[in-house]
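Read the structure below first, then the notes.
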There are 2 protein chains.
Amino acid sequence: MELAEAKSKFIEAWGKLGSEWGINRTMAQVHALLLTSPVAMTTEEIMEALSISRGNANMTLRDLIGWGLIEKQHKAGERKEYFFAEKDTWTIARQVAQERKKRELDPILKVLNELSSVKGDEKDPEYKTFKTSITSINKLAGNVNKTLETMLKAEENWFWGSIFKIFK
Amino acid sequence: MELAEAKSKFIEAWGKLGSEWGINRTMAQVHALLLTSPVAMTTEEIMEALSISRGNANMTLRDLIGWGLIEKQHKAGERKEYFFAEKDTWTIARQVAQERKKRELDPILKVLNELSSVKGDEKDPEYKTFKTSITSINKLAGNVNKTLETMLKAEENWFWGSIFKIFK
DNA sequence: TTAAACTTTCAAAACTTATTGAAAGTTTTT
DNA sequence: AAAAACTTTCAATAAGTTTTGAAAGTTTAA
């Protein structure tokens, strides 16, 4: 397989994975493009490479910066902005985890905590089932939350090292 | 807060979380409904409770069965099919992880492995960057895969116990 | 065998989300 | 101060996804 072909396969696969996990396909593709580019790229070049519009490129780039996955670079004597991707995979994983935790896990934890405190008649099967389910989901969500928080602080080697010592 | 209100808040929140993670909103809502229901419900009752059409209810129920999250129940002397949800949270988490691993992680691992073996000129920065990125993502994906496989086999207490001993 | 009870299918419609591109905005250069 | 180089915005539109509901299919009962 040629490098160019491999690269476009990767961009496609990354985009697909992104969209299956609720991340905009274009965003994942731009990220893949920059990840595999040895040099920083301009908006124009990115538009060209992925055949997307200026507006789309601009919004996507801003979002990626918001997620902490890419950065702007200014070249001396040039007006254009160049973009490049953070290349360390562990950092990428952490940034994504952090962003999604903030946007999705935190709000649901809030709701679950509220719902855990609903009072009712212990004899009522409706109430008992509700209570039991919520409590148990709440516990799991709390554990996921704790795990993520630790992961967000963790250094790569320490993290994987520890996990795989147990998981063998 | 009243039980009925709490229940509908939960259904809504669960649906929202689902849709943010690429799971059909209705599917997550039906799941939430059955999770918090003390008794098995018929298609008719589910349609009624969530104001959804027969077709939608039927497809969603089949999908949930496909994910191993709910089961059919036949009551003696009745023609109707009743549905109820697996209530153990740990099992739910495992089923979801398993399904998504199969559908999404496995295919991307296959692509990454293919792409890892692309050969090229070590002096070419294009090639070197591509190679480095793919290899490092491949390594992370492999680790995620290993972790999931272990998790899929794990018993609840053992799993969380071990994780949180380290994560403290 | 016919009818009733129930389930499944699927094309069309509704809804949601992503993308375009032209116009407006900003900054730098001349 | 005007033009050029570049970035941002956003209403319109396109693309993708979900939902509907009526018709077809299946199973059981009479």
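In what follows, every heavy atom counts, from backbone to side chain, and hydrogens, waters and symmetry copies are set aside. A, B, ... follow the sequence lines: proteins, then strands. Residue 1 opens every chain.
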CD of Q73(A) to CZ of F83(A): how many Å apart, nearest 0.5 Å? 10.5 Å
Can you work out whether T60(A) or G77(A) has the more 5'-proximal nearest nucleotide on DNA chain C? T60(A)
Between F130(B) and F10(A), how do the two ring planes meet: parallel, tilted or perpendicular, split at 30° and 60°? perpendicular
What protein N or O atoms touch nucleotides 6-12 of chain C N or O atoms at under 3.5 angstrom, if any, and at what distances?
unit_1 : atom_1 : unit_2 : atom_2 : d
dT7(C) : OP1    : E81(B) : N      : 3.1
dT8(C) : OP2    : N58(B) : ND2    : 2.4

Hey, are T60(B) and N56(B) close enough side-chain-wise for a donor-acceptor pair under 3.5 Å? yes
Do the side chain of Y82(A) and the main chain of T43(A) share a donor and acceptor less than 3.5 angstrom apart? no
Test: side-chain hydrogen bond (donor to acceptor under 3.5 Å, both in side chains). Region: residues 102-111 of chain A. Which pairs qualify, not counting sequence neighbours? E99(A)-R103(A), R100(A)-E104(A), K101(A)-D106(A), E104(A)-W21(B)
Gap between atom CG of L105(A) and atom CD of E20(B) - 0.5 Å precision: 10.5 Å
Using a 3.5 Å distance criterion without hydrogens, assess whether the side chain of E78(B) forms a donor-acceptor pair with backbone atoms of K80(B). no
Using a 4.0 Å cut-off on heavy atoms, which residues in residues 24-40 of chain B reach DNA chain C? List them by number, or say none. none
Can you give me the closest heavy-atom contact between E126(A) and P38(B), atom names plus distance? OE2-CD, 3.5 Å
Using a 4.0 Å heavy-atom cut-off, does T42(B) contact any base of the nucleic acid, only the sugar-phosphate backbone, or nothing at all? nothing
Separation of dT17(D) P from I52(B) CD1 (nearest whole Å): 20 Å
Between dT18(D) (C1') and I23(B) (CD1): distance, integer Å: 15 Å
